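Remarks on the structure that follows.
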Amino acid sequence: MKNYSAYLIDLDGTMYRGKEVIAEARQFIEHLQANGIPYRYVTNNSSRTPEDTAKKLQNFGIEASVEQIVTASMAAAAHIKSHFPEARAFAIGERGLTDALKEVGIEIVEESPDVVIMGIDRENNYKKLRNACLYVQQGAEFLATNPDIKVPTEKGLVPGNGAFIKLVENVTGVEPTVIGKPKRHMIDFALEQIGANAEDTIMVGDNYDTDILAGMEAGLDTLHVHTGVTTLDEIKNKDRRPTYSIETLEEWFK
Ligand SMILES: [Mg+2]
């Protein structure tokens, strides 16, 4: 095992499962903390602010500061700011997204935007989707925080941001630039935040199709942990395997 100088870490299925902390994950973070190894939590969740997420981790007894949280909304806001600096944005999303846009000084407008950015919005409606479709057809850049089609809940699967993106994509024939995992933009953004190189950093996560693929895309080594979505057996059948695959994070620093 190589000594990595920085860690990027997924949340759900890696640090906790729903409302339950994963004990081995807490110890893993304590080890990083004790050894002064820098790390960031990277999440596709676009609705929560970094403050919300830090608080959630702290309530589980996991060391986390607001600065250590990287969300797809923050990465999307940074992407818009650097590629379309003067852009005015039409945003479908919750506070996690609107706060992130305001934070970097992007004006949010209801009409004539240069950019349409979509994150999950549990108050979404026909008018918002209709406007997004029209603005994209009028030439606005189309971006999305994350492509997750469905989200597991206790009651079953519910629509994620990806389901709504698909709707706009189907109507307009335009594919959005996706910022979150499995794309690399959020990973690149997190590396920049931490001041680390891809070669010296490892991406840790439970989901092969998001965490591991995003890490590979960005040129990082990857650590798959089987406390969430993807099983060790499923990993064995993949053409491109993660650098490491383990049962729990307890095994890592042994
Ligand atoms: Mg996960």
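Note that the structure is a prediction, hence the values are computed from the model and not measured. Along the sequence shown, the residues carry numbers beginning at 1. Order of appearance sets the numbers: ligands from 1, and atoms from 1 within every ligand.
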Student check: side-chain heavy atoms of Tyr16 and Asn59 closer than 4.5 Å: no

Tyr39 side chain reached by Ile9 side chain, heavy atoms, under 4.5 Å: yes

Heavy-atom side-chain proximity of Ile212 to Lys238 below 4.5 angstrom: no

Glu217 side chain near Ile187 side chain, heavy-atom distance below 4.5 Å: no

Pair Glu169 + Lys166: basic N to acidic O under 4.0 Å: yes

Metal environment of the Mg ion (ligand 1), protein N/O/S under 2.8 Å: Asp10 OD2, Asp12 O, Asp206 OD1

All side-chain contact (heavy atoms from CB on, under 4.5 Å) counterparts of Pro182, not counting sequence neighbours: Pro147, Leu213

